[in-house]
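Here's the structure we're looking at; comments come further down.
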Amino acid sequence: MNILITGAGRGLGYELTSEALERGHSVVAGVRSPNEKLSALAEKYGERLALVELDVTNEEGIAALASQLKEQNASLGAIINNAAILNSRNTHIEQLDFKEVALTMDINVYGPMRVVKHLLPLLTEKDAAIFNISSEAGSITHAYPGDYPYAISKTALNMFTQQLHVYLQKRGIQVLSIHPGWMRTDMGGGEAPLDASHSARGIIGLLEQRRTPDGRFMFVDHEGNSMPI
């Protein structure tokens with residue numbers, strides 16, 4: 001399977017890239033700039049890893065990447081929209097900076113929308129899928145007063161996932177929002193109980209197993225268990 005992963009340079013994105021390659025898949029790793037860890041993977045896996053410049057806020061750049069892949073007669077089996085930011089943490093609504101809110105929405109919601117808009121035509125492999133990396137913070141059922149930009153962006157991402165599910169189900173393309181768990185990453189912090197590599201194994205496993213959620217909503221955790229919307 002050929003898998004495009006956004007935000008592949010660190011944290012969960014890097015672990016997803018590493019896990020997919022280890023399992024024999026090929027990866028188009030989208031990053032704003034390459035780093036030593038990805039370069040080491042490229043040296044190890046050769047042509048199965050393509051490092052591409054990808055800023056999810058830059059629609060022209062995403063369109064150019066799609067054109068480049070099309071010219072190479074490339075196809076995709078999966079798109080994993082992983083790139084995201086968490087800002088204004090623990091900021092009360094009275095102090096919220098709406099420039100931060102706008103930036104969060106631009107990356108966490110509009111970013112995946114841009115990627116799907118331009119790369120969906122390349123998603124032609126059998127049992128294709130789109131995985132949007134979401135969060136339990138986006139659950140309306142378990143709403144809490146905090147992380148306003150991040151939580152609201154993930155709620156919106158879950159809606160986009162549901163819309164895509166309805167749109168693409170006749171084509172046989174699976175669409176999921178996935179809560180990866182609270183992980184020890186730059187975003188999750190050192191106190192998180194879960195290693196990002198563990199979450200990555202579960203997510204790539206879901207991609208291979210093509211498990212269907214029990215409920216009507218396409219929102220699951222990294223082990224495939226349905227999450228409250």
Side-chain angles (χ1 to χ4, degrees), residues 1-85 102-134 153 156-157 160-161 163-164 167-168 171-178 180 200 203-204 207:
M1 181 183 296
N2 293 311
I3 306 170
L4 182 136
I5 301 172
T6 70
R10 61 180 183 171
L12 179 61
Y14 170 81
E15 296 297 343
L16 287 167
T17 301
S18 179
E19 182 67 21
L21 290 165
E22 186 174 333
R23 293 187 184 213
H25 302 292
S26 296
V27 176
V28 179
V31 291
R32 285 182 295 177
S33 58
N35 56 40
E36 291 183 6
K37 292 175 68 176
L38 282 177
S39 296
L41 284 182
E43 185 174 340
K44 180 177 180 180
Y45 291 103
E47 293 183 355
R48 285 205 288 117
L49 175 59
L51 303 180
V52 298
E53 183 177 343
L54 179 59
D55 179 349
V56 298
T57 67
N58 181 353
E59 184 170 1
E60 290 184 358
I62 296 169
L65 173 61
S67 295
Q68 177 186 337
L69 293 174
K70 185 176 180 180
E71 289 174 2
Q72 296 170 354
N73 295 316
S75 63
L76 295 174
I79 295 170
I80 302 181
N81 284 306
N82 167 75
I85 62 167
L103 178 62
T104 299
M105 296 297 288
D106 198 19
I107 294 172
N108 294 7
V109 183
Y110 310 149
M113 294 177 72
R114 294 182 187 104
V115 169
V116 172
K117 173 184 175 180
H118 292 284
L119 291 164
L120 180 59
L122 296 173
L123 199 63
T124 57
E125 294 181 9
K126 183 180 178 182
D127 296 330
I130 298 171
F131 282 5
N132 295 323
I133 303 303
S134 185
S153 74
L157 183 64
F160 179 52
T161 294
Q163 290 178 306
L164 283 178
Y167 178 54
L168 297 174
R171 298 194 215 175
I173 297 176
Q174 184 182 48
V175 189
L176 294 178
S177 270
I178 300 177
I203 293 169
I204 299 300
L207 196 59

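All figures in this text were calculated on a predicted structure; none of them were measured in a lab.
- Residues Leu76 and Ile3 fail the side-chain proximity criterion, which asks for heavy atoms closer than 4.5 Å.
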Steps toward side chain to side chain contact (heavy atoms under 4.5 Å, CB included) verdict (Leu4, Ile80):
CA-CA 6 Å; Leu4 182 136; Ile80 302 181; over 6 Å; no

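- Checked by atom type and distance alone, the side chain of Ser177 never pairs as donor or acceptor with a backbone atom of Thr161 at under 3.5 Å.
- Each of Leu176, Ile133, Asn82 was scored for a side chain to side chain contact (heavy atoms under 4.5 Å, CB included) with Ile203, with one residue passing: Ile133.
- Interatomic distance, Arg10 CZ to Asn35 CG, rounded to the nearest 0.5 Å: 9.5 Å.
- The two atoms that bring Leu157 and Ser134 nearest to each other are CD2-CA, 4.2 Å, heavy atoms only.
- When every heavy atom of Val109 is checked against every heavy atom of Ala156, the shortest pair comes out as CG2-CB, 3.9 Å.
- Contact between Leu123 and Gly77 at its shortest, heavy atoms only, is CD1-C, 3.7 Å.
- In this structure Leu168 satisfies the side chain to side chain contact (heavy atoms under 4.5 Å, CB included) test together with Leu120, Ile130, Leu164, Arg171, Ile173, Val175, sequence neighbours excluded.
- To the nearest 0.5 Å, the span separating CD1 on Ile85 from CE on Met105 amounts to 11.5 Å.
- For Ser18, there are no side-chain hydrogen bond (donor to acceptor under 3.5 Å, both in side chains) partners, not counting sequence neighbours.
- For the side-chain hydrogen bond (donor to acceptor under 3.5 Å, both in side chains) condition, the pairs that include at least one residue of residues 113-129, sequence neighbours left out, are Asn2-Glu125, Glu59-Lys117, Glu59-His118, Ser75-Glu125, Asp106-Arg114.
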Distance-only donor-acceptor hits, side chain of residues 47-58, under 3.5 Å, sequence neighbours excluded:
from: Arg48; atom 1: NH1; to: Leu21; atom 2: O; distance (Å): 3.0
from: Arg48; atom 1: NH1; to: His25; atom 2: O; distance (Å): 2.6
from: Arg48; atom 1: NH2; to: Leu21; atom 2: O; distance (Å): 3.3
from: Asp55; atom 1: OD1; to: Thr57; atom 2: N; distance (Å): 3.0
from: Asp55; atom 1: OD1; to: Thr57; atom 2: OG1; distance (Å): 2.8
from: Asp55; atom 1: OD2; to: Thr57; atom 2: OG1; distance (Å): 3.3
from: Asn58; atom 1: OD1; to: Glu60; atom 2: N; distance (Å): 3.2
from: Asn58; atom 1: OD1; to: Gly61; atom 2: N; distance (Å): 3.0

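- Atoms OG and CD1, from Ser67 and Ile62 in turn, are 12.0 Å apart once rounded to the nearest 0.5 Å.
- Heavy atoms of other residues, nucleotides or ligands lying less than 6.0 angstrom from OH of Tyr45 number more than 12.
- A distance of 5.0 Å separates OG1 of Thr6 from CG of Asn81, quoted to the nearest 0.5 Å.
- The minimum heavy-atom distance linking Met1 with Ala78 is given by the pair SD-CB, 3.9 Å.
- Taking every heavy atom of both residues into account, Ala200 and Leu12 meet most closely at N-CD1, 4.0 Å.
- Remark: Gln72 CD is packed, more than 12 non-hydrogen atoms of other residues, nucleotides or ligands lying under 6.0 Å away.
- In plain terms, the two heavy atoms of Ala8 and Leu38 that are nearest each other are O-CD2, 3.6 Å.
- Val27 has its side chain out of reach of Leu41: every pair of non-hydrogen atoms, C-beta onward, lies at least 4.5 Å apart.
- Residues that satisfy the side chain to side chain contact (heavy atoms under 4.5 Å, CB included) test with Lys70, not counting sequence neighbours, are Leu122.
- Taking OH from Tyr110 and CZ from Phe160, the interatomic distance works out to 12.5 Å, rounded to the nearest 0.5 Å.
- Among residues two or more places apart in sequence or in another chain, the side chain to side chain contact (heavy atoms under 4.5 Å, CB included) test is passed with Ala129 by Phe131, Gln174, Leu207.
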